Structure formats: structure tokens, C-alpha cells
Novice: 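One structure is given below, represented as C-alpha cells, and several questions about it will come after.
What you are looking at is a predicted structure, and each value in this text was computed from that prediction instead of being measured.
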Amino acid sequence: MKNLPRCHQEVGTHMTLFHGLWMKLHTCKMHRSWQRSYSHMDTSMQLLISSGTGSMLMGAYTDSYGFDNIDEWGRPFPDVQRFPSSRVDRGFSQIASKVHGMGLKFGIHLMKGISVQAVNANTPILDIKTGKPYIEDGRQWTARDIGLTDRTCAWMPHGFMSVNTDTGAGRAFLRSTYRQYADWGVDFVKVDCIFGTDYSPEEIITISELLQEIDRPIILSLSPGTEVTPALAENISDHVNMYRITGDDWDNWNDVSSHFSVSSSFAAAKKIGAGHWVARKIMARLRHASIWMAYRSNAGVNQGPHRKCNLTLDEQKTQIALWSMAKSPLMYGGDLRHLDDITLSIITNPILLKINHYSKNNMEFHYVYSERTSKKEHSGRFRSPYHVDLTKNDGMFVRLTACNDDTANGWYMFSQDGKPDHICRNFEIQNDKSISFYLGKTKPLLASGIITMDNMEHQSKFRLSVRNTSDTCLDASAGQRRTASEIRFPMFSACRWHAKQMWELNVNGNLVSSYSGLCATVKSRNEGGPNGARAWVATGSKGEIYLAFFNLDSTGRKMAARISDLGLVLRRALLRKHLCRCTEVWSGKNFSLTKDEISAVVNPHASMVFEIIC
């Protein structure tokens, strides 16, 4: 800990590579407003672009308006009261230089598109080629020409909206904005409200292309990761360096346990890990949320009080063990001034970091055998997540996925009393009877004085309501940020004119969201719940075999895996088992391989990681 960089009054948070692990260091100030303090890289926890003035910031919240400093071109810049050095260039170049001098990289957390404040002010758009307002087709373009008012961020509708990248003016705004970040010395941008249920593929691709124009590499990371599927990730993998696959992860067991199923699906799709970080053209790495341990504050809290992590020691070990096996970039969020030796030993465990960086063939291992060791329930905070069944459709709920996913088709229009007023999908057949999921179909009405879609496009779109009601409509994205374990669908709110409530049924039987372009599917509320015993396997760069047991149950479990099954899955025979050494990573205990299995009792919410060297 003696080698930590010294505190700088304007550098409140940064990342450093600590024994192979990028760690976010809270060396000075702590959290401010939620939407401007949640980030995963470098100095971005405090050095957030949309920071606002010091007095207003204390009252900022996730859907605040009017707290952003924007220049004459509608682009955000730092608050000079909080960052006095920004007076030099209305930017972060002074701080970036200081961070680079520490041998670190500098990153910022951004929202997608353009601020509502800039659109309302109708600021001109900078053409960086001329240094003057952008002109095309003989006229000057402004923020109102490019802001998509029907596509404001679903959980921050008064803050930011998407940009129309089909226009030269929209691209010019994004080009001038990201070129400004590059001029400040930014090395990493995390763009929020642009992925998952807030999917904006056109803007993602445009930002990627604009970053390619810059003469040095800048890492592009996407967030949030709600409802991300491998099929969805396939569409953007070639355009970004990192993307999140889960919602926000806070220090509770439900959030941790909810990561197992999504991690398994991405591993099965060969979409974990990334090879090496080389120059510009690198493969995308999936990522979960940050590792939240040690000393921290609560979600949504502007400034303290700070507290210890709510995860038990076993739960913390389970979290980092899964993310290491899943080869997710490991990022630490916490105050290192209060980092205890136990937490430090967990996040710097050399075997787990070796697994995370060098292993391959990482996947869930399905040949694990387990049984409860006791009927007594664990006294911890475990609570199985259940899907909220707002539509009373026999325990089914709506989720989103890419439209090329096989589970996305099968929707049809059902007529009742001669009116096509229901949208339905056959879910499954039980006792020779087809079970259907259906929602009421209502026609959207244009709000007075607001034209957001042309009439031809509008004619084919509709809203979906709870049965027998017309004032509550289905949302394609939540109205507030959700954690990884919170249930996202079905979500309903008061019917309004917004793209997140607009749907369209195409000829392929897809129910398409106008907000994200994703398609709806239906799943059972009891499907895929994280419980019981799970296991992962991987191989090392020098022939090691790694096996991880995870007990997601609320009571202890005896778990076992046969050596022959390991060899079958990894396509490797362990013929000379008596020459192999098996060590459990957390305890350092040696296990014998003379029998054809590895077995152990795993505590509730705990993990055991075995390294087998032959």
C-alpha cells in the first residue's frame, strides 16, 4: 500500500493496475450525485463531465435537469468551482496530465447523445473542419434538429436524449464532442443509457467510427447491461472494446447470484474474454459491474455516510471467483484508505488473477453433483428473486432480445369482437392446450404540438396495455435504474408519447420496440432462477485445470465432480492422477485425486476454487 499515488485535490478517483487488477482508488473525495458518480475507470468517479455547479450538484438526482455546464456548442464541460484547473481550457487537460504523470490512464463517464438542456437552448453545432457553425443544404443546423425528443433516456428523460446520426449535423455534434474529450487527454469513455434495454446501435456505431478518426486509441465501453443477450452483443462486438452484461451491482447477495445465468450464457456463446488489448482493433470484452467491497456509500447517496460492504466474506469470494472464471475485467470500487488486509488478499489473489488473465476454455460445468448437508436455512440475506407478474398471464413475463434470436418470433394479432385489439404469443403447450401470453393493443395519440414521427411511420405503431385498462402501458425500458437482481419485465407506467412505449408487429412475427429496436420474448417467472449448486471449469496456459464450486443455496451443500467428467468436457485425459496436485485456492488445502472425484462441503453462498497441476 506504500506505492499508492499521492492525493491530488482535483483527482478524487482513479484506477491503477494492482498485481494485474485494475483498481479504482478513492484517494480523496467520495460520491456525489448518483448518475455522475457511478463509473468504472480511472478518474471518472469525480471527474464526470456533466458535473454541474457545486451548489446545485448536492440536490442532483437521476432525472435532474439544468445541472449541466454546456458551452456555446451544447457540449458539456467541467464545473470550475469543483475543478479550478479547468479554467485554463474549460476542460480536464490539466487533470489528465497529472493522472498521466502518475503512470495511470484517465477516463470519464458519459451519457448518450445530447442533453435536454442543449436542445431546449437550441445551441448551434460546431463544425470542427471550419471552426464555425455546421451548415448543410444551405442552412445552419442546431441542437433541435438532431435531438430525438421521443428517445430521451428512459430512466433520465429530463437529462439526455439520442442524437439523429442519419444526419450530417448529428454526426458533426458527436464528432466535435468526442474530439474535445480526446483533446483533454481522455483515454477511456464509458457511455451510459446506450446498451441493453436502452440499445442505440446507430449511435454506438457512430461513436466507434468517430473514435477511429482520432490519432490515438480511446477505449469505448458501453453501459448499462440490463437484459443483454449474446445475440444482442453480437451486433456490436466489432465496434466496442467493452460492454456490460448486467444491471448495476450493489453489495447484496441477490445482485451477485443473478450473474451466474447470464455469465453461463455468454460463455456458451464463446463471448467471454478478449485476447489482448492491442492498439485500436481489439475484441470486445464483456464486463459485469464493479467489485464493490470494503468501505463505500449507499446507492443514490450524494455524500456518505459511508459503511462497510454488506456482502459476507464468503459472498465476496464468490463474486470475484465467478468474475475471474468468466474472464470479466476486474474493477474495484471502494475507499482504499479503509481497505482491510482480508479484502486486499481477496482482490489480489494471484491464482484468481492468473485465471482471469491467462485461462481458456472457460465455461459452466454441468456435471456437478450436490446435496444439502442440512435443512437449516442460512441466516444471511439470501432471498430468491421472483419475477413480478403484473399481467396475470399464468406466471409469464416479457423480456427483450435481439430480433434474430429464435425466441423473438411467434407474436400475432388476435381479434376480439371483430377488432384486432390484442397482441399475443403462444408460450407453451400443457395437457394438449396452448398457453398464450397476451396484452391489450391501443393506438398512440400524438401529443398536442409535438411531432416526433412522421405520419406514415406512426400508422404502424401502437402501445400495449394491461388487460381491461388503457391508461397503463408496457415500457421497453425501466423508468429508473435497476440493479442486477431487480426484475425488469413486465414494466408498466402511465401511457405517454415516448418511443419506449411504442411497439410494432412485423411480418416475421416479431414485436419490435421503437425505443431500442429490440424484440420481445416471453419467459416463465420460474425459469432460470439462480439457486443450488453451480460449477465452472477452465484450463491454464501451462496445462493447469481449474474447477470452481459455487453454492448459491441458503444452506451448506456437499458438492462433487468426477475427474472423468472433467476430462470429457475439457477433452483431456488425466491418466496419471497420482502425479497430479490439487490445491483449493482460498484455503490452500491439498486434495487427493486417488479417487475419481473432487468433493467438498461448500458453505452457503460460498465458493471453492481448485487448481489441478499434473
Novice: State, to 0.1 Å, how close Leu474 and Trp503 come at their nearest heavy-atom pair, and which atoms those are.
Specialist: O-NE1, 3.4 Å
Novice: Show, in sequence, the C-alpha distance, side-chain angles and deciding distance for Ile194 and Ile207, and conclude whether the side chain to side chain contact (heavy atoms under 4.5 Å, CB included) test is met.
Specialist: CA-CA 11 Å; Ile194 200 169; Ile207 293 172; 4.1 Å; yes
Novice: Do you know which two heavy atoms are closest between Gly247 and Thr226, and how far apart they sit?
Specialist: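 Minimum heavy-atom contact is CA-CG2, 3.8 Å.
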Novice: Let me confirm one number: the CD-OG1 distance from Gln180 to Thr177, rounded to the nearest 0.5 Å.
Specialist: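 OG1 of Thr177 is found 7.0 Å from CD of Gln180.
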Novice: Roughly how far, to the nearest 0.5 Å, is the CG atom of Asp405 from the OG1 atom of Thr521?
Specialist: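 Atom-to-atom, Thr521:OG1 and Asp405:CG are 7.0 Å apart.
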Novice: Going by the angle between their ring planes, with limits at 30° and 60°, are Tyr243 and Phe266 parallel, tilted or perpendicular?
Specialist: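 Correct class here is tilted.
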Novice: Do Arg244 and Phe195 meet the cation-pi criteria used here (NZ or CZ under 6.0 Å from the six-membered ring centre, within 45° of the axis)?
Specialist: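 Relative to the ring axis of Phe195, which defines the angle, Arg244 lies outside at least one limit.
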Novice: Between atom OG of Ser328 and atom CG of Asn356, what is the distance when rounded to the nearest 0.5 Å?
Specialist: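 One finds 7.5 Å between OG of Ser328 and CG of Asn356.
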Novice: Go through the steps for Glu72 and Arg90 under the test salt bridge (charged side-chain N to carboxylate O under 4.0 Å, His left out), then give the verdict.
Specialist: CA-CA 12 Å; Glu72 65 272 25; Arg90 287 203 303 183; 2.9 Å; yes
Novice: Considering all heavy atoms of both residues, which atom of Asn241 and which atom of Ile219 are nearest to each other, and what is their separation?
Specialist: OD1-CA, 3.2 Å
Novice: Taking the ring of Phe83 and the ring of Phe92, is the distance between their centroids below 6.0 Å?
Specialist: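 Centroid distance Phe92-Phe83: below 6.0 Å, so yes.
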Novice: Would Leu148 and Val163 satisfy side chain to side chain contact (heavy atoms under 4.5 Å, CB included), going step by step from the backbone distance to the final call?
Specialist: CA-CA 6 Å; Leu148 299 177; Val163 164; over 6 Å; no
Novice: Just by distance, with hydrogens left out, do Lys500 and Ser513 show a side-chain donor and acceptor under 3.5 Å apart?
Specialist: no
Novice: Considering non-hydrogen atoms only, spot the tightest contact between Met111 and Cys193 and give its length.
Specialist: CE-CB, 3.7 Å
Novice: Over 60° means perpendicular and under 30° means parallel, so tell me whether His498 and Tyr515 are parallel, tilted or perpendicular.
Specialist: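 His498 vs Tyr515 ring planes: tilted.
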Novice: Nearest heavy-atom pair of Arg463 and Gln501: which atoms, and what distance?
Specialist: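 Where Arg463 meets Gln501 most closely, the heavy atoms are CG-O, 3.1 Å.
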Novice: When Trp155 is tested against each of Asp198, Asp192, Thr197 for side-chain hydrogen bond (donor to acceptor under 3.5 Å, both in side chains), which residue passes?
Specialist: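 Of the listed options, the one satisfying the test is Asp198.
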Novice: Could you check whether the rings of Trp184 and Tyr181 sit parallel, tilted or perpendicular, using 30° and 60° as the cut-offs?
Specialist: tilted
Novice: Kindly compute the distance separating CD (Glu136) from CG (Asp145), expressed to the nearest 0.5 Å.
Specialist: 10.5 Å
Novice: Any idea which heavy atoms bring Ile146 and Gly170 closest together, and the distance?
Specialist: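 Of all heavy-atom pairs spanning Ile146 and Gly170, the closest is CG2-N, 3.5 Å.
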Novice: Pair Leu126, Arg75 - check side chain to side chain contact (heavy atoms under 4.5 Å, CB included), show working.
Specialist: CA-CA 10 Å; Leu126 174 65; Arg75 304 173 303 179; 3.6 Å; yes
Novice: Between Arg175 and Glu213, is there a salt bridge with N-O shorter than 4.0 Å?
Specialist: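 Arg175 and Glu213: salt-bridged.
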Novice: Tell me, with the steps shown, if Leu174 and Thr165 meet side chain to side chain contact (heavy atoms under 4.5 Å, CB included).
Specialist: CA-CA 9 Å; Leu174 293 176; Thr165 56; 3.9 Å; yes
